[in-house]
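Below is one structure; the comments refer to it alone.
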Amino acid sequence: MRALIWNGVNDLRVETVKDPEIVNPRDCILRVTMSTTCGSDLHFIDGYIPTMKAGDVIGHEFMGVVEDVGPEVKKVKKGDRVVVPSFITCGQCRYCKSKLYSLCDNTHPKPELQEPVFGYPTAGIYGYTHAFGGYAGAHAQYVRVPFADNDCFKVPDGLPDEQVLFLSDAAPTGYMGADFCNIQPGDVVAVWGCGGVGLMAQKSAFLMGAERVIGVDRLPERLQMAREHVGSETINYAEVDSVLEVLREMTGGRGPDACIDAVGMEAHGTGLQYAYDRAKQLAFMHTDRGQALREAILACRKGGILSILGVYGVMDKFPIGAIMNKGLTVRTAQQHGQAYMDRLLDHAQKGELNPSFLATHRFPLEDAPRGYAMFKHKNDGCVRSVFIP
């Protein structure tokens, strides 16, 4: 089959690789109909997350049609159209039973690669380094889905692929981020980042009852999406002296009730702090450019909630004193997509959630390296590149 593989830092190619096979009786093989880029992919493409190997198939946000199933798969069958959350879950461990699916105890075959950094291993994820399991990704014609009955969700008739595709990762990540905020009537929620996850967090905050949502970004076309497709108010941080001062003015001096970081370790920014982060990151002295997260911490009102969705590694100059002294509640995780999938599909069926506007650019799989380059450099207003094998 044809697949997009990582061959080195910023070296992506489409090559012919071996077809996936059923390994475990609970596996299924999916014929991929659509997959999409994700901002967190850029972290290992750029070399900031190690343990990639040349020839690894990448991609973790996808949907498709079941092509074959193992003998113990009961809930899905050949021909079913399904969407698959990006983290792989067993459904039986303590964490899965607590709906903390990205923390599954049984789907990481290489825990020794995570334990020195995290203390304990997380769940495995498709196409996202050997530190996260070394599973083959979904920018391919076919992909193996372990524990198919837990991780394949049937798509209701009438929902087009592009509306469902982003329920694999961007929508559940954003929805979880808003859920972490314990939103109450009248709340103001600020979201750093107007990419796919940030826009979904903004939309989800409204679905959960926020009165106002404010999106922070620097790209005019993304800020326009936030206003037109979500209904958010927006701040272009490149056009103001201080995001914190603008948020104070917009909230009557109080600050947002909850702040969501949907940016992560490669945040852009301005000023000396950004230059410091950039220099240290380029020298691999730490992995993170933390301007968005630091701003979110300082901007949040006293007693508020900080929800962290951006992927991070090692950061210095982290304002833990602001978190402690302001009494902030911090919630963070990789997405527990299986916990939200039924709700997301219900919102989609009711017409309350249609993330298809995120698919700004479409490519055949053979052009995936070009699609990633456009996505990375945000050329031509690219929010997400979608690949169709």
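Residue indices begin at 1 and follow the sequence shown.
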Are a donor atom and an acceptor atom from the side chains of [X] and [Y] found within less than 3.5 Å of each other?
{"X": "Ser385", "Y": "His361", "result": "no"}
{"X": "Gln92", "Y": "Asn106", "result": "no"}
{"X": "His60", "Y": "Asp41", "result": "yes"}
{"X": "Asn150", "Y": "Tyr101", "result": "no"}
{"X": "Asp151", "Y": "Thr89", "result": "yes"}
{"X": "Glu61", "Y": "Ser35", "result": "no"}
{"X": "Ser232", "Y": "Gln202", "result": "yes"}
{"X": "Asn182", "Y": "Gln184", "result": "yes"}
{"X": "Asn325", "Y": "Lys302", "result": "no"}
{"X": "Tyr340", "Y": "Asp179", "result": "yes"}

So if you build clusters from Ile, Leu, Val, Met, Phe, Trp, Tyr with side-chain heavy-atom gaps below 4.5 Å, do [X] and [Y] land together?
{"X": "Met1", "Y": "Leu4", "result": "no"}
{"X": "Met63", "Y": "Ile388", "result": "yes"}
{"X": "Phe206", "Y": "Ile183", "result": "yes"}
{"X": "Val230", "Y": "Val189", "result": "yes"}
{"X": "Val117", "Y": "Tyr120", "result": "no"}

Step by step, work out the side-chain hydrogen bond (donor to acceptor under 3.5 Å, both in side chains) result for Asp56 and His130.
CA-CA 9 Å; Asp56 285 346; His130 291 265; 3.0 Å; yes
Are [X] and [Y] near enough that their ring centres are under 6.0 Å apart?
{"X": "Phe44", "Y": "Tyr128", "answer": "yes"}
{"X": "Tyr48", "Y": "His43", "answer": "no"}
{"X": "Tyr372", "Y": "Phe387", "answer": "yes"}
{"X": "Tyr175", "Y": "His347", "answer": "yes"}

[atom1]-[atom2] distance between [X] and [Y], expressed to the nearest 0.5 angstrom:
{"X": "Phe166", "Y": "Leu353", "atom1": "CZ", "atom2": "CG", "answer": "11.5 Å"}
{"X": "Asp346", "Y": "Glu352", "atom1": "CG", "atom2": "CD", "answer": "7.0 Å"}
{"X": "Tyr142", "Y": "Arg2", "atom1": "OH", "atom2": "CZ", "answer": "14.0 Å"}
{"X": "Arg81", "Y": "Lys154", "atom1": "CZ", "atom2": "NZ", "answer": "13.0 Å"}
{"X": "Met176", "Y": "Leu344", "atom1": "CE", "atom2": "CG", "answer": "11.5 Å"}
{"X": "Phe180", "Y": "Thr332", "atom1": "CZ", "atom2": "OG1", "answer": "7.0 Å"}

Asp241 atom CG: more than 12 heavy-atom contacts under 6.0 Å
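12 or below, so no.
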Criterion salt bridge (charged side-chain N to carboxylate O under 4.0 Å, His left out) on Lys75 and Asp80, from CA distance to verdict
CA-CA 10 Å; Lys75 295 181 181 179; Asp80 284 345; over 6 Å; no
Leu309 versus Gly177, closest heavy-atom pair with distance:
CD2-CA, 3.6 Å
Determine the minimum heavy-atom distance between Cys300 and Leu328, stating which atoms define it.
SG-CD2, 4.0 Å
For Asp169, does its backbone N or O pair with a side-chain atom of Ser86 as donor and acceptor, under 3.5 Å?
no
Is a donor on one side and an acceptor on the other found under 3.5 Å between the side chain of His139 and the backbone of Gly127?
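Not confirmed, His139 side chain does not pair with Gly127 backbone.
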Salt bridge or not for [X] and [Y], using N-O below 4.0 Å?
{"X": "Arg144", "Y": "Asp27", "answer": "yes"}
{"X": "Glu233", "Y": "Arg227", "answer": "no"}
{"X": "Asp257", "Y": "Arg301", "answer": "yes"}

Could you give me the CA-CA distance, side-chain angles and deciding distance for Lys378 and Glu221, then say whether salt bridge (charged side-chain N to carboxylate O under 4.0 Å, His left out) is met?
CA-CA 10 Å; Lys378 301 173 177 63; Glu221 62 273 15; over 6 Å; no
Go through Gln334 and Thr122 one step at a time and tell me if the side-chain hydrogen bond (donor to acceptor under 3.5 Å, both in side chains) criterion holds.
CA-CA 9 Å; Gln334 294 272 18; Thr122 65; over 6 Å; no
Please determine whether side-chain contact (heavy atoms from CB on, under 4.5 Å) holds for the pair Leu103 and His336, giving the CA-CA distance in whole Å, both sets of side-chain angles, and the decisive distance to 0.1 Å.
CA-CA 8 Å; Leu103 306 180; His336 306 307; 4.2 Å; yes
Side-chain heavy-atom pair Cys181, Ile260 within 4.5 angstrom cut-off:
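The answer is yes, as the side chains (C-beta and beyond) meet within the 4.5 Å cut-off.
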